[in-house]
Amino acid sequence: MASNKMIIYQIFTRLYGNRNTTRKEGGTIEENGCGKLNDFTPSTLKKIREMGVSHIWYTGIIRHATQTDYTAYGIPKNHPAIVKGRAGSPYAITDYYDIDPDLAVDVNQRMQEFEALIERTHKAGMKVIIDFVPNHVARQYHSICKPDGVKDLGEGDNPQNGFDQQNNFYYCPGQRFTPYFDLYCGEEEPYIEEPAKATGNDCFHNAPGMNDWYETVKLNYGVDYYAGRVGHFSPIPDTWNKMTDILLFWAKKGIDGFRCDMAEMVPAAFWYWATDKVKYRYPEIIFIGEVYNPVEYRNYLGAGFDYLYDKVGMYDTIREVICGNQSTHAITSAWQQTDDIRDHMLYFLENHDEQRVASSFFAGDAMKGIPALVVSALLQQNPLMVYAGQEYGERGMDKEGFSGNDGRTTIFDYWSVDTLVRAAQRKLTAEEKQLKEIYNKVMTIASTEKAVTDGMSFDLMYVNGHLQRQYAFLRKAGSEVLLVVTNFDELPVTVDVTIPAHAFDYLQLKEKNAQATDLLTGEKLKLFLRRDGAIALQVSPSSALVLKFKA
């Protein structure tokens with residue numbers, strides 16, 4: 001399937017293949033089970049590919065802090081006081097050169113199992129994205145798998161200096177780590193860190209609180225936060241070299257891209273330097289940045305990022321529209337904010353950080369997300385991301401352990417995802433099957449229709465001010481045109497959609513009576529195309545029309 005529309009399927013690897021339904025709150029890996037790399041069989045990958053997916057982001061691949069004991073395999077034990085949840089956060093890395101042992105059938109063969117997964121994914125016609133976590137590491141970071149000649153992070157540090165350009169960490173000299181919680185956490189010996197290192201979320205003192213990323217330590221890229229964020233980048237800081245070597249290590253394994261966690265907490269100067277070195281050797285590799293400050297978007301794109309999360313613009317806006325707090329005209333404003341960089345903005349409705357659309361904290365019903373999916377997938381040529389379970393209406397309303405009942409699927413606990421388990425067992429409800437069918441159709445349209453993958457986009461909202469819960473736009477490539485009308489309302493509507501003379505000129509449309517096919521239902525209808533003329537259309541609740549016709 002030729003396509004230049006990137007569709008990423010995010011998979012929380014430890015949860016995806018787990019079919020154990022014990023789901024004991026705070027349960028161990030033995031009690032609750034754990035998904036494995038080998039669960040991604042050729043047939044499983046083929047089904048994912050058939051959804052129109054081009055890239056799989058396997059989340060949580062690199063070894064991170066956990067309360068599970070793997071000392072029998074020579075893997076150091078982590079103190080439970082500084083691990084969030086039984087399974088631990090995949091963003092508290094303990095060894096950048098290792099694979100998470102939870103994911104392996106044979107722990108001693110964990111790297112080989114991952115290399116085989118890369119090969120299977122490529123064979124299935126998809127590319128592989130993994131996390132790169134550049135801003136922070138687990139408090140007990142210690143690499144046992146680093147290549148010969150590589151020095152560990154912090155190995156050459158001088159901890160007597162709060163900041164030193166060549167240190168890998170920041171320190172609180174003369175102060176012991178004294179967070180808000182019990183440092184014993186059931187163990188005979190407490191966790192001791194002296195001097196305390198600065199915490200990952202830019203907490204530069206020795207006593208992080210409950211809402212701090214207390215299980216992590218901040219990496220030092222040559223920025224002196226103690227002196228007001230002054231950058232010292234010449235000579236090149238040691239951390240730059242070490243982290244670039246880590247990127248090159250994984251690139252050599254054959255992965256196709258990095259999703260870079262909290263990229264904006266690391267100076268753009270580093271990214272300029274590192275992406276240049278990686279892309280020189282691996283020109284096809286992509287970098288996706290988690291950047292939340294729109295003022296910094298162009299800076300980080302200039303520093304070598306290919307795509308950035310469109311969270312504070314499109315995601316937040318669409319969420320407000322779904323929940324009825326904003327008019328659909330806000331969507332126009334959202335895309336206009338990034339129009340000059342639109343091909344680089346990654347649209348999504350769910351990921352591991354956000355609440356599930358179907359959760360009680362968001363829309364309460366996955367079907368209400370359908371118009372938003374259509375807009376996110378079809379409005380531009382830019383990438384779309386779907387989070388595993390989203391296509392079945394996963395609610396994320398479990399109280400898993402460290403992760404409470406918050407509308408998110410846990411990243412801290414051993415668990416299994418209800419809809420993914422039932423999908424594998426072919427026990428979905430009629431509504432879930434219907435939702436999945438719609439996702440398949442929309443993602444296939446996004447990845448195969450020339451008007452979407454290569455076409456121009458024309459927003460119709462400026463001449464349709466009366467539309468408050470509907471959103472309409474045109475896409476066109478060659479002689480193929482799509483008229484897309486979405487209905488965010490929970491009631492069926494008949495709407496008049498005006499197509500202005502400017503759209504006829506810009507897209508080179510002719511006035512005519514066109515035969516259109518709704519790509520979502522296969523229904524045929526006649527469109528009377530007139531300059532500044534209105535077309536009356538009926539749209540079902542929480543639904544969309546994707547009308548294809550010849551120009």
Side-chain angles (χ1 to χ4, degrees), residues 1-7 50-54 125 331-332 335-336 339-340 342-345 347 370-371 373-384 437-464 467 470-487 495-540 543-551:
M1 181 190 302
S3 164
N4 55 2
K5 173 88 169 179
M6 189 171 156
I7 298 183
E50 284 167 356
M51 288 164 59
V53 171
S54 61
I331 297 171
T332 301
W335 72 253
Q336 285 176 341
D339 193 32
D340 59 315
R342 62 174 178 243
D343 290 348
H344 302 282
M345 302 310 293
Y347 288 173
I370 291 301
L373 172 73
V374 171
V375 171
S376 302
L378 306 185
L379 180 61
Q380 314 273 17
Q381 293 176 19
N382 60 322
L384 171 75
E437 191 63 29
I438 297 168
Y439 266 82
N440 281 0
K441 282 178 179 169
V442 173
M443 290 162 72
T444 301
I445 293 165
S447 61
T448 58
E449 287 292 334
K450 290 279 284 179
V452 180
T453 62
D454 305 316
M456 294 188 285
S457 184
F458 193 98
D459 190 324
L460 295 169
M461 296 303 284
Y462 78 100
V463 287
N464 288 283
L467 301 181
Q470 292 74 41
Y471 187 76
F473 58 95
L474 290 162
R475 299 298 308 272
K476 178 173 182 279
S479 63
E480 295 182 3
V481 188
L482 299 181
L483 169 59
V484 183
V485 182
T486 63
N487 179 18
V495 289
D496 287 333
V497 177
T498 298
I499 301 183
H502 179 47
F504 280 81
D505 297 336
Y506 180 72
L507 299 174
Q508 297 180 315
L509 300 175
K510 294 186 189 77
E511 289 191 304
K512 63 184 223 179
N513 298 343
Q515 177 83 0
T517 305
D518 183 356
L519 297 181
L520 293 176
T521 63
E523 282 179 40
K524 312 245 184 254
L525 61 157
K526 268 218 168 78
L527 300 181
F528 299 99
L529 299 170
R530 302 289 181 267
R531 296 167 82 86
D532 297 319
I535 300 170
L537 295 166
Q538 293 179 318
V539 201
S540 302
S543 180
L545 301 173
V546 182
L547 304 174
K548 183 178 182 177
F549 60 93
K550 293 283 183 196

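Sequential numbering from 1 along the given sequence is applied to the chain's residues. This structure is a prediction, so every number in the text was calculated from the model and none was measured.
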Query raised in the report: Yes or no on side-chain contact (heavy atoms from CB on, under 4.5 Å) for Leu547 and Val485, after CA distance, side-chain angles and deciding distance?
Result: CA-CA 8 Å; Leu547 304 174; Val485 182; 5.7 Å; no

Check your understanding: Are the side chains of Asp505 and Arg531 in touch, meaning some heavy atoms are under 4.5 Å apart?
Key -> yes

**Prompt:** Any side-chain heavy atom of Gln381 within less than 4.5 Å of one from Asp343?
**Reply:** yes

Hey, does the side chain of Asp518 reach the backbone of Val546 with a donor-acceptor pair shorter than 3.5 angstrom?
yes

- Does Lys548 come within less than 4.0 Å of Glu480, counting only side-chain N to carboxylate O? yes

Would a distance-only check, ignoring hydrogens and angles, find a side-chain to backbone donor-acceptor pair under 3.5 Å from Arg475 to Met456?
yes

(message) Within the supplied structure, the quantity of interest is the number of heavy atoms (other residues, nucleotides, ligands) at a distance under 6.0 Å from Lys441 NZ; does it exceed 12?
(response) yes

Rounding to 0.5 Å, atoms CG (Asn382) and CH2 (Trp335) come to a distance of 12.0 Å

### Task
Please examine the side chains of Leu545 and Thr521, heavy atoms only from C-beta on, and report whether any two atoms are closer than 4.5 Å.
no

Residues Ser543 and Ile370: closest non-hydrogen pair is CA-CG2, 4.3 Å

From the list Leu460, Thr486, Asn487, Val495, side-chain contact (heavy atoms from CB on, under 4.5 Å) with Leu467 holds only for Val495

| task | State whether the number of non-hydrogen atoms from other residues, nucleotides or ligands found under 6.0 Å of Gln508 atom CD is greater than 12. | result | no

For residues Leu519 and Glu449, determine if any side-chain heavy atom of one lies less than 4.5 Å from a side-chain heavy atom of the other. yes

Nearest heavy-atom contact between Thr453 and Ala446 is CG2-O, 3.4 Å

- Task: Tell me, with the steps shown, if Ile535 and Leu529 meet side-chain contact (heavy atoms from CB on, under 4.5 Å).
- Result: CA-CA 8 Å; Ile535 300 170; Leu529 299 170; 3.9 Å; yes

Kindly indicate whether the side chain of Phe504, heavy atoms from C-beta on, has any atom under 4.5 Å from the side chain of Glu511. yes

task = For the pair Lys476 (side chain) and Leu507 (backbone), establish whether a donor and an acceptor sit closer than 3.5 Å, ignoring hydrogens and angles.
result = yes

* Within the distance-only criterion (no hydrogens, no angle test), does the side chain of Ser457 pair as donor or acceptor with the backbone N or O of Leu379 below 3.5 angstrom? -> yes

Would you confirm whether Lys5, through its side chain, and Gln380, through its main-chain N or O, come within 3.5 Å as a donor-acceptor pair? yes

Decide yes or no for Ile445 and Val374: does some side-chain heavy atom of the first lie under 4.5 Å from some side-chain heavy atom of the second? no

Ser447 versus Val452: any side-chain heavy-atom pair under 4.5 Å? no

What one should report as the nearest heavy-atom pair of Pro500 and Thr498 is CD-O, 3.7 Å

